[in-house]
Amino acid sequence: MEYTHDTFISPLTWRYGSEEMKHVFSEVHKRKLLRRVWIALARAQAKAGLVSEEQVNELEAHKDDIDIERATEIENVIHHDLMAEIKTYAEQCPIAGGIIHLGATSMDALDNADALRFREALDIIIEKTGSLIDELSKRAEEEKNTATMAFTHIQPAEITTIGYRLAQTLQDLIEDAEELLRVRDTIRGKGMKGAVGTSASYSVLMEGTGMSSMGLEKLVMDELGIKPYDAATQIYTRKQDLRIIAALSSLAATLHKFSLDLRILQSPPIGEVSEPFAKMQVGSSAMPFKRNPINNEKIDSLSRIVESTYQSAWNNASLTILERTLDDSANRRIFMPEAFIAMDEMLMTATKIVKGMNFHEAATRRLMDSYGIFASTERLLMELGKRGADRQEMHEVIREESLAAWKDVQEGRQNTLKEKLMSDARITKYIPGDEVEALLDASAYTGDAPERTQIIVDHATALRPRLKKAK
């Protein structure tokens with residue numbers, strides 16, 4: 001089988017995601033993992049005297065001889081993909097072919113292989129989340145003191161700092177990374193439990209060997225390096241898939257908000273930040289001047305793919321009837337790889353954006369000049385109260401002057417609020433005009449945003465060794 005651009009190929013096959021992640025979900029890698037399970041099972045059975053060392057060695061010698069073309073030929077006849085792979089492997093191993101999959105049911109191989117590759121995929125996601133955290137930490141720390149307008153209801157509000165705004169995303173990423181680590185460390189395989197999870201076939205097989213079915217399972221899973229569920233049906237509980245998807249979905253939500261905010265901030269009326277734009281990049285086929293935020297838009301688009309997989313994972317966890325129905329099988333082949341590959345692309349793109357995004361000082365200054373003073377009037381009001389003025393009366397004075405100045409700004413005229421407040425006798429009765437001017441310096445009205453930003457950056461630094469040790 002050759003899939004080219006003459007037929008449908010998922011964009012996740014060739015357009016999005018790293019080769020590393022796509023390898024994890026390749027058919028070749030899947031079949032190699034299946035052979036790892038069969039070799040581990042044969043090696044454990046050899047210790048029980050059921051299989052010879054010669055047979056184990058032959059299986060080991062052919063573990064990488066994946067022949068998808070031959071397996072497909074067999075599957076087209078017998079209509080069972082796992083048995084087709086077993087038969088293909090058996091043809092390569094004339095001595096050991098007859099003991100492959102001895103005592104096992106299909107999901108003893110498939111679910112353990114899936115657990116292994118989901119853990120591998122999580123390792124990649126954790127590593128790339130760590131890289132994004134590193135880059136965002138640097139930018140947050142660099143900009144922790146840079147005052148800018150905050151927006152509530154998408155309207156100018158009070159003053160924040162660029163670094164503190166970035167720290168909000170950084171804080172969410174830290175929590176997402178901690179959840180990914182937790183999920184990764186709790187990944188378990190089905191174990192070797194047979195058709196309905198009772199290990200009946202293994203119990204019969206192990207009679208007279210001096211080894212129990214649980215002892216056999218432990219040997220197999222120890223070699224694979226993954227713990228089994230204590231109880232399983234024909235499959236491991238699909239709640240595990242749901243936990244994985246929930247962690248990826250949460251991370252996608254963090255990146256979606258971050259990218260949506262950057263898209264708004266890149267809009268020319270604000271124009272405070274822009275994503276990297278290549279020298280020869282074309283923004284629009286019709287409008288040559290356009291600098292569209294295509295990377296952030298891609299993140300927001302792919303995040304919907306990741307989020308949409310949650311419903312399928314939930315259905316699989318809740319609708320697999322009794323010991324096993326097959327209605328989870330086809331959709332898991334699609335949405336589990338898709339969620340990981342889409343997430344992989346989003347993280348790589350977000351890291352590129354953070355490393356190369358530009359903050360435009362002139363735009364920040366324009367916003368502060370136009371709107372910052374309105375926020376700093378709260379600071380003036382607090383000081384007036386401290387100096388004995390009637391809080392309600394001063395609130396009304398500032399409100400009247402602010403509304404008049406706001407109208408000027410909306411109509412494109414200069415903001416004269418500072419001059420009006422500095423010369424208002426009702427205010428200068430308590431505070432001299434030069435002090436009023438100092439109090440209305442919006443750049444100083446950032447509270448403890450720089451300190452809080454540093455706290456989040458320090459949390460990220462403390463987490464980093466755990467992310468590096470994930471594998």
Side-chain angles (χ1 to χ4, degrees), residues 27 30-48 50-51 55-56 59 63 71 74-75 77-91 93 96-119 187-207 209 211-241 316-317 319-333 336:
E27 276 299 311
K30 171 187 173 181
R31 291 163 198 250
K32 286 184 178 180
L33 288 176
L34 289 172
R35 293 188 179 196
R36 272 185 62 190
V37 176
W38 288 321
I39 290 169
L41 177 60
R43 187 169 284 118
Q45 290 170 340
K47 292 180 179 179
L50 298 172
V51 170
Q55 289 172 315
V56 173
L59 293 178
K63 65 182 180 180
I74 297 172
E75 184 181 353
V77 174
I78 67 174
H79 304 293
H80 194 293
D81 60 340
L82 190 81
M83 276 302 300
E85 185 60 29
I86 291 171
K87 287 179 176 289
T88 301
Y89 198 11
E91 287 178 353
C93 302
I99 58 91
I100 298 172
H101 201 67
L102 182 61
T105 191
S106 296
M107 301 313 294
D108 287 357
L110 288 166
D111 265 10
N112 287 317
D114 271 349
L116 289 169
R117 68 175 176 168
F118 293 160
R119 191 172 65 180
I187 294 289
R188 285 175 282 179
K190 177 197 171 182
M192 311 307 292
K193 295 181 174 65
V196 295
T198 62
S199 303
S201 60
Y202 295 113
S203 296
V204 172
L205 191 65
M206 304 311 292
E207 284 179 1
T209 66
M211 184 184 294
S212 69
S213 57
M214 288 187 180
L216 177 76
E217 178 181 67
K218 186 177 188 311
L219 288 174
V220 173
M221 302 308 286
D222 283 351
E223 177 167 336
L224 295 175
I226 195 165
K227 293 181 179 179
Y229 276 97
D230 293 327
T233 58
Q234 194 169 94
I235 58 176
Y236 69 58
T237 172
R238 293 301 183 243
K239 289 276 285 185
Q240 175 160 267
D241 293 354
N316 288 348
L319 298 177
T320 298
I321 302 168
L322 299 176
E323 279 66 48
R324 172 66 162 148
T325 51
L326 202 62
D327 43 357
D328 67 327
S329 179
N331 64 49
R332 287 178 78 246
R333 293 174 192 257
M336 291 298 285

Note, [X] side chain near [Y] side chain (heavy atom, < 4.5 Å):
| X | Y | value |
| --- | --- | --- |
| Ile100 | Leu41 | no |
| Leu34 | Leu82 | yes |
| Ile74 | Glu91 | yes |

For [X] and [Y], which heavy atoms make the closest approach, and how far apart are they?
| X | Y | value |
| --- | --- | --- |
| Glu223 | Arg36 | O-NH2, 4.4 Å |
| Met221 | Gly191 | SD-CA, 3.8 Å |
| Met192 | Glu217 | N-OE2, 3.0 Å |
| Cys93 | Leu59 | SG-CD2, 4.0 Å |
| Leu219 | Ala44 | CB-CB, 3.7 Å |
| Ile99 | Gln45 | O-OE1, 4.5 Å |

Side chain of [X], backbone of [Y]: donor and acceptor closer than 3.5 Å?
| X | Y | result |
| --- | --- | --- |
| Glu323 | Gly197 | no |
| Thr233 | Arg324 | no |
| Lys30 | Ala113 | no |

Rounded to the nearest 0.5 Å, how far apart are [atom1] of [X] and [atom2] of [Y]?
| X | Y | atom1 | atom2 | answer |
| --- | --- | --- | --- | --- |
| Leu205 | Ser199 | CG | OG | 11.5 Å |
| Ser213 | Glu207 | OG | CD | 10.5 Å |
| Arg31 | Tyr89 | CZ | OH | 14.0 Å |
| Asp230 | Met214 | CG | CE | 8.0 Å |
| Leu319 | Asp328 | CG | CG | 10.0 Å |
| Ile187 | Leu116 | CD1 | CG | 10.0 Å |

(request) Go through the side-chain N and O atoms of Asn112 and Tyr236 and say whether any donor and acceptor fall under 3.5 Å apart. (result) no
(message) Looking only at the side chains, is there a donor atom on one of Tyr202 and Asp108 sitting less than 3.5 Å from an acceptor on the other?
(response) yes
(message) Under the criterion side chain to side chain contact (heavy atoms under 4.5 Å, CB included), I'd like the reasoning laid out for Gln240 against Phe118: C-alpha separation, chi angles, the key distance, then a yes or no.
(response) CA-CA 10 Å; Gln240 175 160 267; Phe118 293 160; 5.6 Å; no
(message) Between the side chains of Glu85 and Arg35, is the shortest nitrogen-to-carboxylate-oxygen separation below 4.0 Å, so that they form an ion pair?
(response) yes
(request) Decide, yes or no, whether a salt bridge links Arg238 with Asp111 under the criterion of side-chain N to carboxylate O below 4.0 Å. (result) yes
(request) Classify the angle between the aromatic ring planes of His101 and Trp38 as parallel (below 30°), tilted (30 to 60°) or perpendicular (above 60°). (result) perpendicular
(request) Applying side-chain hydrogen bond (donor to acceptor under 3.5 Å, both in side chains), run through Asn316 and Asn331 and close with a yes or a no. (result) CA-CA 9 Å; Asn316 288 348; Asn331 64 49; 2.7 Å; yes
(message) Quick check on Lys87: does its NZ atom have over 12 non-hydrogen neighbours (other residues, nucleotides or ligands) under 6.0 Å away?
(response) no
(message) Restricting to salt bridge (Lys or Arg N to Asp or Glu O under 4.0 Å), what partner residues turn up for Arg119, sequence neighbours left out?
(response) none
